[in-house]
Amino acid sequence: IGSLVVGFFKFAITDFFGELTRGKADVLLVKPISLMVIILFRWCKAYYIIAAILFIGVCLMLEVVRFEPFWKSTFNTGVYLIVMVLGVLANLVFLLALNAFSFLTQRQLPVDYIHLSIFNFALLPSTFYSQGLLHFFVLVLPMVVFASVALDALYHGLTGLVITYGLIVVVCFALVLKMIYRLFARFDSIGG
């Protein structure tokens with residue numbers, strides 16, 4: 001479900017920077033709409049959210065997913081949901097930063113391919129990683145371990161790993177957001 005929500009925003013971010021590179025987004029930047037609203041929702045793919053809702057419905061009807069861990073502790077379930085939202089946010093931060101880097105360097109990087117290649121590691125359980133590697137990824141590339149940290153939150157609650165993950169994602173989001181706004185503050189048009 002997390003990957004479907006990421007897909008909802010991924011194409012919107014990529015398409016925005018593609019339109020910006022082609023010089024077709026200048027008109028959008030002068031409208032009185034927040035830059036992040038334009039980036040995240042102008043070209044989003046609604047069918048990803050519909051697919052996520054249908055997937056949840058099918059899993060509930062067929063009883064494919066075990067819900068016992070969710071019922072054991074309401075607090076842990078809440079922390080799990082927060083970490084899942086932070087995982088989606090970590091993916092958005094990565095996509096925004098990589099697209100902005102691609103735009104600034106005027107290179108046509110395969111951002112979708114790079115993201116998908118790295119995102120495949122996000123679906124691995126935490127037992128796949130050693131503790132040192134898990135903590136390294138939390139600090140350097142938190143999008144890689146968001147499913148692992150979310151499951152840790154579900155089973156163990158608010159641990160040091162979960163708190164560190166949340167802080168790192170929020171700080172990275174603030175830094176990338178500041179970078180994006182600074183980029184567009186000095187952006188005149190595709191030629192400037």
Side-chain angles (χ1 to χ4, degrees), residues 1-14 17 36 39-40 45 48-49 51-53 55-56 59-60 64-102 105 109-180:
I1 292 173
S3 64
L4 290 172
V5 175
V6 169
F8 174 77
F9 294 111
K10 177 171 76 169
F11 295 106
I13 293 169
T14 304
F17 280 96
M36 289 310 294
I39 291 174
L40 294 177
K45 306 292 184 200
Y48 277 95
I49 296 298
I53 293 169
F55 182 71
I56 291 171
C59 286
L60 288 173
V64 176
V65 179
R66 291 181 342 160
F67 288 101
E68 291 87 28
F70 293 100
W71 308 137
K72 284 184 182 177
S73 170
T74 308
F75 178 75
N76 288 2
T77 302
V79 174
Y80 168 80
L81 293 174
I82 290 170
V83 171
M84 289 299 288
V85 169
L86 287 172
V88 170
L89 190 63
N91 279 278
L92 296 180
V93 165
F94 180 80
L95 285 165
L96 282 169
L98 196 56
N99 275 298
F101 175 76
S102 175
T105 59
L109 295 176
V111 174
D112 288 338
Y113 175 74
I114 294 169
H115 177 260
L116 183 63
S117 297
I118 294 173
F119 186 73
N120 287 331
F121 289 102
L123 305 176
L124 296 172
S126 61
T127 54
F128 179 78
Y129 305 106
S130 67
Q131 283 295 346
L133 188 60
L134 183 67
H135 290 287
F136 173 76
F137 279 138
V138 165
L139 293 174
V140 175
L141 201 58
M143 65 164 280
V144 171
V145 292
F146 90 90
S148 300
V149 176
L151 286 177
D152 185 56
L154 181 63
Y155 288 109
H156 303 294
L158 201 57
T159 62
L161 179 70
V162 172
I163 293 170
T164 304
Y165 182 80
L167 290 173
I168 294 294
V169 169
V170 169
V171 167
C172 288
F173 180 71
L175 291 174
V176 167
L177 200 60
K178 188 174 185 176
M179 177 189 72
I180 295 287

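The first residue in the sequence is number 1, and the count goes up from there.
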Residue pairs, two or more places apart or on separate chains, that pass side chain to side chain donor-acceptor pair (under 3.5 Å) and touch residues 85-95
N91-H115
Between L96 and I13, the two heavy atoms sitting closest are CD2-CG2, 4.0 Å
Side chain to side chain, F94 and V176, heavy atoms closer than 4.5 Å
no
The criterion is side chain to side chain donor-acceptor pair (under 3.5 Å); which residues satisfy it with D152, sequence neighbours excluded?
T159
Which pair of heavy atoms, one from F9 and one from L40, lies closest together, and at what distance?
CD2-O, 3.6 Å
Search all heavy atoms of G157 against all heavy atoms of N76 and return the closest pair with its distance.
CA-OD1, 3.0 Å
Within the 4.5 Å heavy-atom criterion, are V6 and L92 side-chain neighbours or not?
no
Calculate, to the nearest 0.5 Å, the distance between atoms OG and OH belonging to S148 and Y129 respectively.
5.5 Å
Euclidean distance, L86 CG relative to C172 SG, rounded to 0.5 Å:
11.5 Å
Considering the options V149, L167, V144, which one meets the side-chain contact (heavy atoms from CB on, under 4.5 Å) requirement together with V138?
V149
Can you name the closest pair of heavy atoms from M179 and A100 and give their distance?
CE-CB, 3.7 Å
Just verifying a value: how many Å separate L95 CG and T14 OG1, rounded to the nearest 0.5 Å?
6.0 Å
Might you work through the side-chain contact (heavy atoms from CB on, under 4.5 Å) test for F119 and F146, ending with a clear yes or no?
CA-CA 10 Å; F119 186 73; F146 90 90; 3.4 Å; yes
Who are the side chain to side chain contact (heavy atoms under 4.5 Å, CB included) partners of L154, not counting sequence neighbours?
P69, F70, T77, Y80, L151
Going by heavy atoms in the side chains, are F8 and L4 under 4.5 Å from each other?
no
Taking the ring centre of each residue, are F11 and Y48 less than 6.0 Å apart?
yes
Side-chain (S117) to main-chain (Y113) donor-acceptor, under 3.5 angstrom:
yes
If you take all heavy atoms of A122 and A147, which pair is closest and at what distance?
O-CB, 3.0 Å
State the CZ-CD1 distance between F17 and I180, to the nearest 0.5 angstrom.
4.0 Å
Ignoring hydrogens, what is the shortest heavy-atom contact between I168 and P142? Give both atom names and the distance.
CG2-CG, 4.0 Å
Taking atom CG of N99 and atom CG of L109, what is their separation to the nearest 0.5 Å?
8.5 Å
How many angstroms lie between CZ in F128 and CG in L134, if you round to the nearest 0.5 Å?
12.0 Å
